[in-house]
Amino acid sequence: MHPLAYDHLKRVFMDRKVIGPDDTCEYYPCHFTGQDCTWCFCPFYPCEDVQTGGEWVPIKTGGIIWGCSDCFWLHTPEVAAALMAEFRKLGIDSVESLETRKEELNAIFIRLKERYPPKPAK
């Protein structure tokens, strides 16, 4: 996991609450105005699910990387809050938990997508 992602997610788990829009961030809004920034660094990355708006993007070195710039799903307030609730319910309370409980994380992803189907980018 990238160090910036680790540090951000560590703060999220320490605070144990959704952030909402973060207009103090130099990149805000990176997805859409009013986005919830709690999961700025996605715990599902790389989800490899095009329904979320993500896609494989070519990089300069000739490979590809999963790009999330068109993912609006995780940044909607209801999905961000529901993910926090799922983590609390299952006792996923640290970045290390994310790294060791991949199967549960995948099940959460599927449940949330069923409950809150991604909408196409506008």
Side-chain angles (χ1 to χ4, degrees):
M1 179 180 296
H2 192 281
L4 290 174
Y6 183 90
D7 290 345
H8 177 81
L9 290 170
K10 184 176 178 180
R11 282 192 306 276
V12 168
F13 283 117
M14 285 175 51
D15 292 346
R16 299 181 54 80
K17 62 181 181 180
V18 292
I19 295 170
D22 182 6
D23 58 7
T24 65
C25 175
E26 66 181 291
Y27 301 107
Y28 180 83
C30 56
H31 295 276
F32 60 92
T33 302
Q35 71 186 42
D36 188 294
C37 299
T38 305
W39 309 111
C40 173
F41 290 94
C42 182
F44 302 121
Y45 183 84
C47 73
E48 301 179 19
D49 186 327
V50 296
Q51 288 181 335
T52 64
E55 64 182 342
W56 288 106
V57 179
I59 56 176
K60 292 177 185 176
T61 59
I64 56 174
I65 189 169
W66 184 251
C68 305
S69 61
D70 288 333
C71 175
F72 300 137
W73 178 70
L74 187 61
H75 306 288
T76 59
E78 61 274 4
V79 176
L83 178 54
M84 181 66 78
E86 286 279 335
F87 283 167
R88 284 186 189 134
K89 182 172 74 176
L90 297 172
I92 296 174
D93 58 2
S94 69
V95 179
E96 291 75 22
S97 292
L98 295 177
E99 295 173 335
T100 60
R101 297 170 73 177
K102 293 287 188 186
E103 286 184 32
E104 285 174 277
L105 205 56
N106 189 49
I108 292 168
F109 180 76
I110 292 167
R111 261 194 316 277
L112 289 180
K113 270 190 60 190
E114 288 172 356
R115 204 175 325 151
Y116 305 98
K119 295 177 179 103
K122 294 175 180 153

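We number each residue from 1, following the sequence as shown.
- One N or O on the side chain of Tyr28 and one on the backbone of Gly34 form a donor-acceptor pair closer than 3.5 Å.
- When every heavy atom of Leu112 is checked against every heavy atom of Ala82, the shortest pair comes out as CD2-CB, 3.6 Å.
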Does Phe13 form a side chain to side chain contact (heavy atoms under 4.5 Å, CB included) with Phe87? I'd like the steps, not just the answer. CA-CA 9 Å; Phe13 283 117; Phe87 283 167; 3.7 Å; yes
Could you pull out every donor-acceptor pair under 3.5 Å between side chains of residues 52-68 and any protein atom, sequence neighbours left out?
{"unit_1": "Thr52", "atom_1": "OG1", "unit_2": "Asp49", "atom_2": "O", "d": "2.7"}
{"unit_1": "Thr52", "atom_1": "OG1", "unit_2": "Gly54", "atom_2": "N", "d": "3.4"}

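- Atoms CD1 and CZ, on Ile110 and Arg115 in that order, are 13.0 Å from each other to the nearest 0.5 Å.
- For the pair Arg111 (side chain) and Glu86 (backbone), a donor-acceptor distance under 3.5 Å is absent.
- Within the 4.5 Å cutoff, the side chain of Val79 has no heavy atoms near those of the Pro118 side chain.
- When all heavy atoms of Thr38 and Gly20 are compared, the closest pair comes out as OG1-N, 3.9 Å.
- Atom CD in Gln35 sits 4.0 Å away from atom SG in Cys30 (nearest 0.5 Å).
- Between Phe44 and Ile108 there is a side-chain heavy-atom pair separated by less than 4.5 Å.
- Counting only distance, with no hydrogens or angles, the side chain of His75 and the backbone of Cys37 share no donor-acceptor pair below 3.5 Å.
- The closest side-chain heavy-atom distance from Thr76 to Tyr116 is not below 4.5 Å.
- Here NE2 of His31 is found 9.0 Å from CG of Asp70. Values are rounded to the nearest 0.5 Å.
- For the pair Glu99/Val95, a side-chain contact is recorded, criterion being any heavy-atom separation below 4.5 Å from C-beta on.
- Taking CG of Leu105 as the start and CD1 of Ile92 as the end, the distance is 6.0 Å to the nearest 0.5 Å.
- Residue pairs meeting the side-chain hydrogen bond (donor to acceptor under 3.5 Å, both in side chains) criterion with at least one member in residues 11-21: none, sequence neighbours excluded.
- Note that NZ of Lys10 and CD of Glu96 are 7.5 Å apart. Values are rounded to the nearest 0.5 Å.
- Residues Gln51 and Trp73 are not in side-chain contact: their nearest non-hydrogen atoms beyond the backbone lie 4.5 Å or more apart.
- Shown here for Leu83 and Pro43, the closest heavy-atom pair between the two residues is CD2-CG, 3.8 Å.
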